Amino acid sequence: MSDNNISRRRFLKILGAGGITTATALTGCSTDKKKDSINDDYHRNVEPPVGKMTYRTNSSTGDKVSILGYGMMRLPTVDVKTAREAESDIDQETVNRLVDYAIEHGVNYFDTSPAYCKGLSERSTGTALKRHPRKSYFIATKLSNFSPDTWSREASIEMFRNSLKELQTDYIDYYLLHGIGMGGMEALHGRYIDNGMLDYLVEQRSAGHIRNLGFSYHGDVEVYDFLLSLHDKYRWDFVQIELNYLDWDYADEINPRNTDASYLYEELRKRDIPAVIMEPLLGGRLADVPQYLAAEMKRRAPEKSVASWAFRYAGSPEGVLTVLSGMTYMEHLKDNLLTYCPLNPVSDEEKTFLHDIAGKIVGLETIPCNDCKYCMPCPYGINIPAIFTHYNKCKNEGTLPRNAKDADYNRLRREYLIGLDRSVPRLRQADHCIGCGQCVSHCPQNIKIPHELHKISDYVERLKRGKSGMVVGNGDTDKA
């Protein structure tokens, strides 16, 4: 990124994503395996059984869908050793191997988007799946026309047709209006209603080019309620929502603009609309909970991973069709297969236990970043998710340097700064944020990103000078 003012559209074109792609650049793919650490719980030698997958039936079409869905947003990449920050190509051989293993063990739902992995996820997904009988899997993709220059009917139709081409198919099993609620009612009308695209997609469903039509929700609940009020007219076949044991009751406490999953879920149940679940781990946060909470989980189920608690919770409610997981590594895939082959639903007592865990996590006041990378690429090269992830990790583990008078302050201060430099190159750290705000509108969690980056930059500067730190998170800054 030699040109700091590079546009998102030009960024995608340079990477070969094609002419009709979203300007939001949902980058998704892993570019550094060393930075994509795997929870130790995943390192197990137990092979998941074949033929034991739990399935749910879609009441709209009768589809028998695996409760575990493969999210194709964080695909493995080929390591680039010549340049520390160079972007890598998708490792297609590894993707093929993961998809083969998933299908062998019963996974049949694969979720992608024209925007994931710098516009390359659909192509990679199509390449991997084409090697299997078409009726053995369901493809889900989206109309990811976030940028106003893709709101026209022509551009949106071209995006839809390009998805068919990249996925090497003549029909989409599950097609979504992508990220409704982001941008409020104005964006909804501009992207889908005023241009006639929603009516066009209904026509495509009637023609058989779309088998199930739905939407994924982020942000403004007014838009969610509005679309559900049109259920009699459009007959939503499914809806994708964020659901996990933290968001169930505390989504609006983590971020005031979020909506509790309990409300989203109950509104779907009233209308008998199947739910597809995203963010069961809340961007990995529920696989890397504070150590004292992880210890509580391990005492109750020593043989199970911390992540498996979240996946069991997300898959347990009636009406959940599938739970999406972005599985970059075979270890992730195997651990999730062990959870869902078959699924042992959480009991009422276990729900109470997890809701108690959620209340303790909320009290930590971390930055509500899910590491979705919707904010990327930053025109000034800042690695926003990595900065937030490093801060949250230290906060969760209780290793955040606080008072300079503490006995272990110097050790924690040194570990925080060294860890930051290892996670994020100096030129991509928070102090290089100029506050342009380009990232803000793309954040599903509605984080005031420049504001948080500036607070972290100030915090790091204080640590470098050996002064007391400040606690960052939830829009507030308090003395530690």
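What you see is a predicted model, and the numbers here were worked out from it, not measured in a lab.
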Quiz item: Between Glu266 and Arg269, is there a salt bridge with N-O shorter than 4.0 Å?
Solution: no

Quiz item: Checking side chain to side chain contact (heavy atoms under 4.5 Å, CB included) against Ile449, which of Cys443, Cys433, Cys369 comes through?
Solution: Cys443

Exercise. Taking atom types as modelled, find out whether Ser144 and Ser113 have a side-chain donor-acceptor pair closer than 3.5 angstrom.
Key: yes

Quiz item: Are Tyr174 and Phe110 an aromatic pair by the rule of ring centers under 6.0 Å?
Solution: no

Quiz item: Charged N to carboxylate O below 4.0 Å: is that the case for Arg300 and Glu350?
Solution: no

Quiz prompt | Nearest-0.5 Å distance that lies between atom CD1 in Ile357 and atom OG1 in Thr352 | solution = 12.0 Å

Self-check item: Backbone N/O of Leu400 and side chain of Lys395: donor-acceptor pair under 3.5 Å
Solution: no

Quiz item: Would you call the rings of Tyr313 and Trp248 parallel, tilted or perpendicular, where under 30° means parallel and over 60° means perpendicular?
Solution: perpendicular

Quiz item: Say you draw a straight line from CZ of Arg74 to OG of Ser121; how long is it, rounded to the nearest 0.5 Å?
Solution: 11.5 Å

Quiz item: Are side-chain N/O atoms of Tyr217 and Thr259 paired as donor and acceptor at under 3.5 Å?
Solution: yes

Self-check item: Lys/Arg N to Asp/Glu carboxylate O, Glu296 vs Lys360, below 4.0 Å
Solution: yes

Self-check item: For Tyr265, side-chain hydrogen bond (donor to acceptor under 3.5 Å, both in side chains) partners two or more places apart
Solution: none

Quiz item: Is there a donor in the side chain of Gln92 and an acceptor in the side chain of Ser124, or the other way round, less than 3.5 Å apart?
Solution: yes

Which donor-acceptor pairs under 3.5 Å do the side chains of residues 274-286 make with protein atoms, sequence neighbours left out?
residue : atom : partner : partner atom : Å
Glu279  : OE1  : Gly283  : N            : 2.7
Arg285  : NH2  : Thr366  : OG1          : 2.8

Practice problem: Check for a donor-acceptor pair, side chain of Asp260 on one end and backbone N or O of Asp252 on the other, with a separation under 3.5 Å. | Solution: yes

Quiz item: Using a distance-only test with no angle check, is there a side-chain donor-acceptor pair under 3.5 angstrom linking Asp225 and Tyr263?
Solution: yes

Quiz item: Taking the side chain from Arg413 and the backbone from Lys464, do they hold a donor-acceptor pair closer than 3.5 Å?
Solution: yes

Quiz item: Is there a donor in the side chain of Asp149 and an acceptor in the side chain of Ser147, or the other way round, less than 3.5 Å apart?
Solution: yes

Quiz prompt | Main-chain N/O of Asn145 paired to Trp151 side chain as donor or acceptor, under 3.5 Å | solution = yes

Exercise. Would you name the heavy atoms of Leu337 and Pro48 that are closest together and state the gap between them?
Key: CB-CB, 3.6 Å

Quiz item: Do Asp91 and Thr77 meet the criterion of a side-chain donor-acceptor pair at a distance under 3.5 Å?
Solution: no

Quiz prompt | Check ion pair Arg411-Glu415 (N to O, under 4.0 angstrom) | solution = yes

Quiz prompt | SB check Asp111 Lys142 (cutoff 4.0 Å) | solution = yes

Quiz item: Taking 4.0 angstrom as the limit, do Asp458 and Arg462 come out as a salt bridge?
Solution: no

Quiz item: For Leu176 and Gln240, which heavy atoms make the closest approach, and how far apart are they?
Solution: CD2-OE1, 3.4 Å

Quiz prompt | Partner set under side-chain contact (heavy atoms from CB on, under 4.5 Å) for Asp194, not counting sequence neighbours | solution = His189

Quiz prompt | Glu158 and Asn162: side chain donor to acceptor below 3.5 Å | solution = no

Practice problem: Any chance you could measure Leu98, atom CG, to Leu75, atom CG, to the nearest 0.5 Å? | Solution: 9.0 Å

Quiz item: What about the rings of His178 and Phe215, do their centers lie closer together than 6.0 Å?
Solution: no

Quiz item: Is the closest basic N to carboxylate O distance between Asp421 and Arg426 below 4.0 Å?
Solution: yes

